[in-house]
A.B. asks: 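Would you mind keeping the following structure in view while I ask a few things?
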Amino acid sequence: ITLGKKIDDEVLDELEEVLVTADLGVPTTLELIEGLRGKVARKELDDAEALKKALAQGIQTVLENTAPPPSRDNDPHVIMVVGVNGVGKTTSIGKLAHRFQQTEKRQVLLAAGDTFRAAAGEQLEVWAQRAGCDIVRQKHGADPSAVAWDAVDAAQNRGKDLVIIDTAGRLHTKVNLMEELKKVQRVVAKRLPGAPHEVLLVLDATTGQNAVSQAKLFHQAVPLNGLILTKLDGTAKGGVVVAIAKELKLPICYVGLGEGIEDLRPFDPAEFAKALF
Amino acid sequence: NLSDRLAQTFKHLKGHGKLSEKNIADALREVRLALLEADVNYKVAKDFIARIKERAVGQEVMQSLTPAQQVVKIVNQELAELMGGQAEPLNLVGRSPLIYMMVGLQGSGKTTTSAKLALELKKRGRHPYLVPADLQRPAAVEQLKRLGAQIEVPVWDSNPKSNPVEVCVASLAGASRENADVIILDTAGRLHVDEPLMAELKAIKDKLLPVEALLVADAMTGQDAVNVASTFHERLGLTGVVLTKVEGDARGGAALSIKAVVGLPIKLVGVGEKLDALETFHPDRLAGRILG
Ligand SMILES: Nc1nc2c(ncn2[C@@H]2O[C@H](COP(=O)(O)OP(=O)(O)OP(=O)(O)O)[C@@H](O)[C@H]2O)c(=O)[nH]1
Ligand SMILES: Nc1nc2c(ncn2[C@@H]2O[C@H](COP(=O)(O)OP(=O)(O)OP(=O)(O)O)[C@@H](O)[C@H]2O)c(=O)[nH]1
Ligand SMILES: [Mg+2]
Ligand SMILES: [Mg+2]
């Protein structure tokens with residue numbers, strides 16, 4: 001759309017459409033475009049292609065100006081995975097377990113912290129088998145905090161150096177469920193001061209502006225350290241993470257690119273920014 | 001909300017009936033922002049604003065003592081018209097057993113909704129039968145079996161070594177043994193751009209001839225909603241949409257977009273994780289939450 005075109009209102013409209021359609025949201029899109037108005041006026045950006053490149057760079061910078069993810073040299077390092085229903089928490093945990101064991105040579109133990117949803121424990125069990133790691137489960141309906149406690153306990157007894165806690169999907173607007181999440185965190189901290197060392201929010205790339213509300217409310221309940229953006233193998237661009245990175249300074253740690261155990265990659269801000277266009 | 005924002009836009013008006021072009025432009029911008037914030041599709045919002053503009057420069061607003069309220073009234077009317085009047089009911093017409101097919105992206109709520117639907121039909125005096133046609137996702141068959149057990153609805157014992165099309169065909173015998181009159185096929189989540197998997201859905205539909213092919217879509221879906229719904233509809237021929245996770249704070253613009261572009265009726269909404277959390281769709285309620 002931009003090759004060889006001069007910068008005029010039509011070009012600006014087109015770029016606005018591209019970014020809003022990529023789920024960046026209007027405020028973020030306008031901020032990014034406004035931010036380049038000076039350069040356009042001073043003819044430092046002479047055509048539409050240059051403007052597009054500058055926008056991509058601006059987005060990349062926002063995504064890079066985030067807090068660094070916590071160091072993982074705890075023993076055991078405890079990661080808690082949270083998010084609304086169906087976004088890909090359990091699947092991402094399976095992928096992470098595989099990645100940590102294969103490429104980082106860690107000894108992973110999974111905690112089946114979703115004791116509510118039908119067959120949630122069974123689902124995580126399959127992933128533990130596929131990743132070749134341990135899993136701690138209790139019966140359906142058990143207290144998730146008890147499972148988390150048991151898992152940290154088991155990790156120390158068995159010499160596992162990385163624990164990943166799966167939690168039940170929950171809408172961020174449900175106060176009692178957010179309280180349950182806080183309790184899991186408190187109980188884990190009691191069992192191992194400093195834990196959970198890392199809390200990751202899983203976001204579905206098909207989600208629109210509601211992701212901002214999700215990030216804000218989950219962050220208020222249990223301070224987040226980073227995001228996992230799933231289902232980027234679809235046609236949705238996941239642009240809402242730009243607003244989240246800007247407002248909450250949360251880094252996107254990994255992206256999910258499919259349903260297989262290998263379909264997880266570290267986030268690349270430059271690649272992501274370019275793909276939005 | 002939009003009413004407040006429009007009141008703000010017009011609060012500097014001296015007297016009445018003297019709305020300038022700028023006033024109207026400002027008002028339209030507020031409406032557009034509200035729609036995009038609510039995840040209404042970019043093009044749908046653009047077309048919608050064009051319609052509002054036509055009416056906004058007419059007598060009803062220009063001569064009004066309360067132009068802000070008039071604009072809100074017009075927006076609400078146009079939204080209501082777009083969403084359609086009543087929700088269209090489930091199709092319960094046809095030779096028994098009726099077949100319902102649940103399709104959609106990964107994680108949208110198909111399995112849970114299948115069970116909710118079975119419970120709802122049971123309450124209406126029907127004999128539902130659940131078919132776990134997802135042989136892909138870990139413990140998916142088990143998930144539907146557990147849900148079926150919770151509501152005492154029989155579930156086909158899918159053969160994990162088979163394939164989804166064969167499972168659906170084979171399940172008819174099981175349904176017949178239970179004297180079931182509605183069979184609900186729960187399919188695996190898939191991307192609309194996955195050719196082989198979309199072909200698989202088409203094969204199931206061609207063989208089983210469902211009276212309902214429902215797209216189960218997440219209420220928090222963003223701009224991609226139209227893309228997903230159009231593709232599923234073009235490839236399969238859908239009869240309706242079930243919107244899930246509606247009880248959250250997602251504004252639900254995806255629903256408006258799907259209705260506007262693809263024209264499919266939203267038949268039901270999922271309003272919670274429990275199996276009784278299924279309601280009829282209320283178009284006017286959605287209009288209200290889209291405007292915020
Ligand atoms: N295409 C694709 N599908 C994914 C990805 N990540 C997860 N999924 C699928 O999304 C669906 C939901 O994944 P789950 O891991 O069960 O999601 P969850 O957040 O644990 O769900 P709840 O525990 O029910 O809240 C499954 O069908 C997964 O295979 C991804 O990166 N790409
Ligand atoms: N809050 C809320 N959660 C829901 C609703 N409907 C389904 N869920 C939850 O959403 C998550 C995903 O539901 P599933 O039924 O497993 O979704 P699915 O479409 O079958 O997923 P795949 O088979 O992996 O594609 C589960 O945690 C459900 O409990 C709803 O209306 N509200
Ligand atoms: Mg899960
Ligand atoms: Mg399912």
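For the numbers below, each heavy atom of this structure counts, side chains included, while hydrogens, waters and symmetry mates do not. Proteins come first, then strands; the chains are lettered A, B, ... in the order of their sequence lines, and each starts at number 1.
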A.B. asks: Side chain, backbone, both or neither: which part of B:Lys43 has a heavy atom under 4.5 Å from chain A?
C.D. replies: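 Only the side chain of B:Lys43 comes within 4.5 Å of chain A.
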A.B. asks: Heavy-atom pairs under 4.5 Å with chain B: which of A:Gly239, A:Ala22, A:Ala236 has the most?
C.D. replies: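 Of A:Gly239, A:Ala22, A:Ala236, A:Ala236 has the most heavy-atom pairs under 4.5 Å with chain B.
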A.B. asks: Using non-hydrogen atoms only, which part of A:Leu24 is less than 4.5 Å away from chain B: side chain, backbone, both, or neither?
C.D. replies: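 Contact with chain B involves no heavy atom of A:Leu24 at all.
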A.B. asks: What residue in A:Asn210, A:Leu217, A:Thr230 has the most heavy-atom pairs under 4.5 Å with chain B?
C.D. replies: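 Answer, by heavy-atom pair count under 4.5 Å with chain B: A:Asn210.
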A.B. asks: Based on non-hydrogen pairs under 4.5 Å, which of A:Gln209, A:Gln123, A:Arg170 is most in contact with chain B?
C.D. replies: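 Between A:Gln209, A:Gln123, A:Arg170, the count favours A:Gln123.
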A.B. asks: Any salt bridge linking B:Glu21 with B:Lys53? Criterion: basic side-chain nitrogen under 4.0 Å from a carboxylate oxygen.
C.D. replies: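 Between B:Lys53 and B:Glu21 there is no salt bridge, as every charged N stays at least 4.0 Å from the carboxylate O atoms.
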A.B. asks: Among B:Arg251, B:Lys46, B:Lys245, B:Gln150, who wins on heavy-atom pairs under 4.5 Å with chain A?
C.D. replies: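 Among B:Arg251, B:Lys46, B:Lys245, B:Gln150, the one with the most close pairs to chain A is B:Lys245.
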A.B. asks: Under 4.5 Å from any heavy atom of chain B, what part of A:Glu259 do you find: side chain, backbone, both or neither?
C.D. replies: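 Only the side chain of A:Glu259 comes within 4.5 Å of chain B.
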A.B. asks: Does any backbone or side-chain atom of B:Asn227 lie under 4.5 Å from a heavy atom of chain A? Answer side chain, backbone, both or neither.
C.D. replies: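 Contact with chain A is through the side chain of B:Asn227 alone.
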A.B. asks: Which atoms of A:Val20 come close to chain B, meaning under 4.5 Å heavy atom to heavy atom: side chain ones, backbone ones, both, or neither?
C.D. replies: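 Interface part for A:Val20: both.
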A.B. asks: Of the backbone (N, CA, C, O) and the side chain (C-beta and beyond), which part of B:Leu33 lies under 4.5 Å from a heavy atom of chain A, both, or neither?
C.D. replies: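 For B:Leu33, the contact with chain A is made by the side chain alone.
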A.B. asks: In terms of heavy-atom contacts, does NZ of B:Lys122 have more than 12 from other residues, nucleotides or ligands at under 6.0 Å?
C.D. replies: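 Count over threshold, so yes.
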A.B. asks: Please classify the contact between B:Leu105 and chain A as side chain, backbone, both or neither, with a heavy-atom cut-off of under 4.5 Å.
C.D. replies: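 The answer is the side chain of B:Leu105.
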A.B. asks: Under a 4.0 Å threshold between the charged nitrogen and the carboxylate oxygen, would B:Asp186 count as salt-bridged to B:Lys110?
C.D. replies: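 Here B:Lys110 does not pair with B:Asp186 in a salt bridge, since their nearest N and O are not under 4.0 Å apart.
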A.B. asks: Do the charged groups of B:Arg5 and B:Glu37 touch, with an N to O distance under 4.0 Å?
C.D. replies: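 Yes, this pair counts.
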A.B. asks: Check B:Arg51 with B:Asp47, please: is the shortest side-chain N to carboxylate O separation under 4.0 Å?
C.D. replies: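 No, no charged N to carboxylate O under 4.0 Å.
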A.B. asks: A:Val87 versus chain B, heavy atoms under 4.5 Å apart: side chain, backbone, both or neither?
C.D. replies: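 It is the side chain, since no backbone atom gets that close.
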A.B. asks: Thinking salt bridges, do A:Glu262 and A:Arg99 make one under a 4.0 Å N-O criterion?
C.D. replies: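 Between A:Arg99 and A:Glu262 there is no salt bridge, as every charged N stays at least 4.0 Å from the carboxylate O atoms.
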A.B. asks: As an exercise, state the distance from CG of A:Leu96 to CD1 of A:Ile261, rounded to the nearest 0.5 Å.
C.D. replies: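 Between A:Leu96 CG and A:Ile261 CD1, I get 10.5 Å after rounding to 0.5 Å.
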A.B. asks: Using heavy-atom distances under 4.5 Å, tell me whether A:Lys237 contacts chain B through its side chain, its backbone, both, or neither.
C.D. replies: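 For A:Lys237, no heavy atom lies under 4.5 Å from chain B.
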A.B. asks: Only pairs of heavy atoms separated by less than 4.5 Å count here; which of A:Thr235, A:Asp23, A:Thr91 has the most with chain B?
C.D. replies: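 Highest number of pairs under 4.5 Å: A:Thr235.
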A.B. asks: Heavy-atom count check: over 12 atoms from other residues, nucleotides or ligands less than 6.0 Å from A:Lys174 NZ?
C.D. replies: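 Above 12, so yes.
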A.B. asks: So for A:Val84, is it side chain, backbone, both, or neither that comes closer than 4.5 Å to the heavy atoms of chain B?
C.D. replies: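 Just the side chain, heavy atoms under 4.5 Å.
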A.B. asks: Let's test your reading of the structure: which of B:Ala115, B:Ser108, B:Pro138 forms the most heavy-atom pairs below 4.5 Å with chain A?
C.D. replies: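 Sorted descending by pairs with chain A, the first entry is B:Pro138.
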A.B. asks: Check ring-ring contact (aromatic ring centres under 6.0 Å, His included) between A:Phe272 and all other residues, then give those that pass, not counting sequence neighbours.
C.D. replies: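 ring-ring contact (aromatic ring centres under 6.0 Å, His included) check on A:Phe272 returns A:Phe267.
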A.B. asks: Tell me, side chain or backbone of A:Gln214 under 4.5 Å from chain B's heavy atoms, or both, or neither?
C.D. replies: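 For A:Gln214, side-chain heavy atoms alone lie under 4.5 Å from chain B.
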A.B. asks: Check whether A:His172 gets within reach of chain B through its side chain, its backbone, both or neither, counting any heavy atom under 4.5 Å.
C.D. replies: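 Side chain only.
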A.B. asks: Assess whether a salt bridge exists between B:Arg137 and B:Asp134, defined as any Lys/Arg side-chain N lying under 4.0 Å from an Asp/Glu carboxylate O.
C.D. replies: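 Looking at B:Arg137 and B:Asp134, the cut-off is not met.
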A.B. asks: Can you label the angle between the A:Tyr254 ring and the A:Phe100 ring as parallel, tilted or perpendicular, going by 30° and 60°?
C.D. replies: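 A:Tyr254 and A:Phe100: perpendicular rings.
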